[in-house]
Every structure is written in structure tokens, then in C-alpha cells.
Amino acid sequence: MGDVKELILKINEARPLNEEESGLIEKAFGFSHIAHQGQKRKSGEPFFNHAYQTALQLAEWRLDASAVAAGLLHDVPEDTKFAIDDVKKEFGEEIAFLVDGVTKLGHLKYRGKEEAQAENLRKMILALSKDLRVVLIKLADRLHNMKTLFALPPLKQKRISLETSEIYAPLAYRLGMQNLAGQLEDLAFPYLYPDKYQWLVKNVKERYEEKEKYLEDVKKIIEPALKESNIAPIKIDSRVKRYSSLYKKLLRYDMNLEQIYDLVALRIVAKNTEECYAILGIIHQLWPPLPGKIKDYIAMPKPNGYRSIHTTVFCLNNKPTEFQIRTPEMHDEAENGIAAYWAYAEAKTGKQYREKKAVFADKKELAWVNQLKEWQSGIADSAEFLQSLKIDFLKDRIFAVTPKGGVIDLPSGSTPVDFAYAIHTEIGNQCIGAKVNDKISPLDYRLQSGDLVEILTQKSKKPSASWLDFVKTNIAKKAVKGAMKENPLLKKHPLRTEFRITAEDRVGILKDVSAAISRSHINIISVNVPPATHFPVIKIRCELNNKEKTERLVLKLKEIKGVKEINYKLI
Ligand code: MN
């Protein structure tokens, strides 16, 4: 059922509670308990348990007493006879604000209705910029709902899981809460892909066990080596890759488990940054590193703030093995992200900090919150908003660097043109070329994380229509389209054909399709495979405006194994 002492203990671990705060938790506990009396959840457990688990999670993230109290009360206005005004009367403005914020975020109605979904996201972002705690309460609520999802009917399970994996998990990831993001993904995975989940459980379990045993042997070598250099790590343990992220990675490696080197990684937590690098050196003295696999996220953190050093070495018996090295602070931030920052800042300055509600939106590492806020107010159409949010903010990210060392955070697949528009609209408009790592590169070059990008510009240059074929961010698309509208002459570009090929999800299909097009001596302008729920649809644009030639190509494409359907249009 839950115990108020446990809650108080948990918050106390982060920061001693004063009497007033302990009293607050006890009062909220009692109030919620009475308000939810007699209510049961679908799983059969008392409803209050849900409120309690939500609050407990917030305490584990080391949020303050007000947030934990609001967690206890978060379903009161919606699901009990008490209204938000009752909460305000009993608990005051701050807690009522938090509870109301969570209630207003609402239970997302994810019925494929993009509008409702977009509306909810808008609310989420606004809440995020007003007071981060509202979103953290919502995330804690969702985590517990996912843990008890088994009790719901299958259709609902799927819908909620889809929403969790498309919205909440990426949101958690963007807040730097890797542990939460991973948990949400893993909880959703069996409902979304039951067969694949079974396959993984069957094929991976033994390997995990085997690998963990192997890492025990590795530990026996590394420990004395560190000792010899007078380094006493705080902890060395193995980290098992989550099923959901393993699955994503397997898709990129032909489902070949042999290719996954970080199935189980060894994680070393060291006293400070100097020791992290010293440990990296010692590991590389013991075993040679795999080229290209050393990632220094301490010198260059990921856009979501993640810091750590990763390296993969030819380890014992020549097996490639990943090591992750970090300090306790980095470890905490990696697991709990923004919640960790919050706890630190709050512990340092107390109430004062909380009163500066918008403080998170000012933080450099969360610049994207502001970007989002500004941006969503400029997009009227819900579907468009949702699409851009999914594409620009919640997908895999890369970060490229300006000549002055600024980090530009972009969706993966972005090009120098996207980079230019991310800096400034004018720089985008006037862009004529780019130097990537000091080498002139084409404007449709796919940027990689860590690329140093310098944009070459020419005054009074106008954007070109052909950019629309390769730019990735909506910010760039919008700017180019805007310029076209102002100056229709820019539109002149030769006719092209876009093929939409529906095909089986078979390895190598893309290669076969593009080979067939190349054999017909037709230039491919762009290839795009949007993430699909069922059969993937391959979108290919070609330099082609000849009907006969097009139809000949269609016949050839139809012969390819796995191709189901082909549509095309002139663009
Ligand atoms: Mn709830």
C-alpha cells in the first residue's frame, strides 16, 4: 500500500526535510488516501497505490516536498469528489498550481487523432517552460501506468504503448533522463512488438549471462591494473543493454548479435574527470581500442547533457568489449538528467530557486525548450506542428560544431543547409557552400556528430528550390518555401519524378531498388524511408520526366523481390 515514512525517508536522503515539509507530505498522504478511498484500478489494486507510486518516484528523483505532495494529489481533482479549489484551500497556491498543471496536461487521447495529440504536446511544452516539475509528475504518472498496463484490454495497451514510445520516452530522453527513457521504451516494447520481444528473450538471455561471466574475468584484470596506478574506482559494474535499444541496434546490423559489442558493457565510476582519462589510458594500455569507437562525451557532451567516455577495445580473448567511464555526478546526470540538475540546484539554493519558475528555460542545455515554445506559437496547423516536433525534436539527434565552438543540435540526416538555417535564417538564405572539417562539401552532405561546419555565404543570394529535396528540418523547409512564395521565379527547377514504393521489410531491398534505377541510367536525387508501422514505403526522387522511361523503370522495379506496390508522380 505504501508508507508515508518511506516517502519522507526518500526525500530526506537528498536533502533533510524541515518539520513543515514533513508535515506537508503527511497531510497530502492522508488527504489523497481519503479522497481515493474505495477506488480500485483495473489491476485490482487500490487507486491510492497509483498516487503513492507516482510520489515515490518523484522522491527517488529527489524532487522537493511540494512536488512529491503534488504527486500524491495528482489525480484528486479529476477522479474524486474534491476539486482543484479544495486542493488550493488545503495546500496553497504552489501545490495547486502543480496539480492543476498535471490535470491540464490531461490523459492524452491518442486515437490516431493528430490534432488532439498535438494539442497535448503543446500543453506539455508550455508546462515544461513554466515549471519543469509539472512534466516530471506527468512522467512519473506515466511510468507507473506503464508498469500496470497488463491490466488493460489489448487495444488500449497498444495505444498507450505507442504514445509512450513516440512521445514520453523521447521527451524523457531529451530531458537527459536516460534511465527513465529506457524504462519506458522497455515497458512499451513487448506490447508493440510481441514477436520480436519473444525472439530477443529467447536469443539474448543466455548471451547476457555468458557475457556477464566474461566481464567478471575482465574485472579481475582491470582492478589490479588500476591499483598499480594508485586509482581506486568508486565502482565497477556491468551494464546490460536494454531489450528495446538492443532491438533498434539489431535492425541496423541485420539482426546479427555477433555485431553488437555493447550487449553488456563494463561501467567504471571514478572519483573525478582526471581519473576518468587516466583509466581510459590504462584500458588502452591493456587492450588495443577499436578504431572510431572512442567517444569522449566529457569533452563534448551530447545535446541532452550526457557526459561519459566510451571506448571499445579488443579485450580478453580478443573479444570487442565496451567500457564506459564517468564520475558519480555524470552518472547521476546520465541516469536522471534534468531531475538531477534540479535536485542539485534546489538543494543549493532552496525555495529561492523554486520561485524562479522559468529558470529551466534559460538554461543553456535546455535551449531547445525555448526554441520549441517560440516555434509552436508560429505553427497554426496541428498536424504540421506534430510532424515537425516528431521530426525536428524527438528523433535521433546529431550535434555539429561552428568554427567558434558553438554546438548546433540537429536531427540526424541534417545537411549544411539545415545547419545554416539553425544558426540564422539569413545565413541559410545566403548559403552557397559549406566546409565540413575544413573540406568543401556538397550542400546535401549528411552531417555527422562532431563535424566542424563552416557556412560560406554570398550577400543577396536567394535560397534554391532544389534544397527542398534534401533539407531535413522543418525550419529550413519553411524558410525555403517562404522565399519561393516571395519570389516565384526561384521555383524554376526541372521536372522530377517521385516514386513511392511499398515493400516488404527485407534486408537489402533498398540496395536492390537503387541499383535497378542506376542501371537504367537515371540519377537519384534523394532517397527517403519514413519510419513505418507496417510495410515500409520507400520514397525516391529521380531526375526523370519521360513517361516511357518511367514506365519501363516501374516494370523493372516490380520484378524485385518484396516490392508490393509502386506509385509515382511528377514533382
Ligand atoms: Mn495518474
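All ligand and atom numbering here is 1-based and tracks the order in the structure.
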Quick one: report the N, O or S atom of D141 that is nearest to the Mn ion (ligand 1).
OD1
Quick check: does H74 put an N/O/S atom under 2.8 Å from the Mn ion (ligand 1)?
yes
With sequence neighbours excluded, tell me which residues meet ring-ring contact (aromatic ring centres under 6.0 Å, His included) with F91.
F31
Of all N/O/S atoms in D75, the name of the one nearest the Mn ion (ligand 1):
OD2
The Mn ion (ligand 1) is nearest to which N, O or S atom of H50?
NE2
Residues forming a ring-ring contact (aromatic ring centres under 6.0 Å, His included) with H36, sequence neighbours excluded
F47
Take E322 and Q324 through the test side-chain hydrogen bond (donor to acceptor under 3.5 Å, both in side chains) and record every step on the way to the result.
CA-CA 7 Å; E322 186 178 287; Q324 303 177 349; 2.8 Å; yes
Kindly give the heavy-atom pair with the smallest separation between K138 and V102, and that separation in Å.
CD-CG1, 4.4 Å
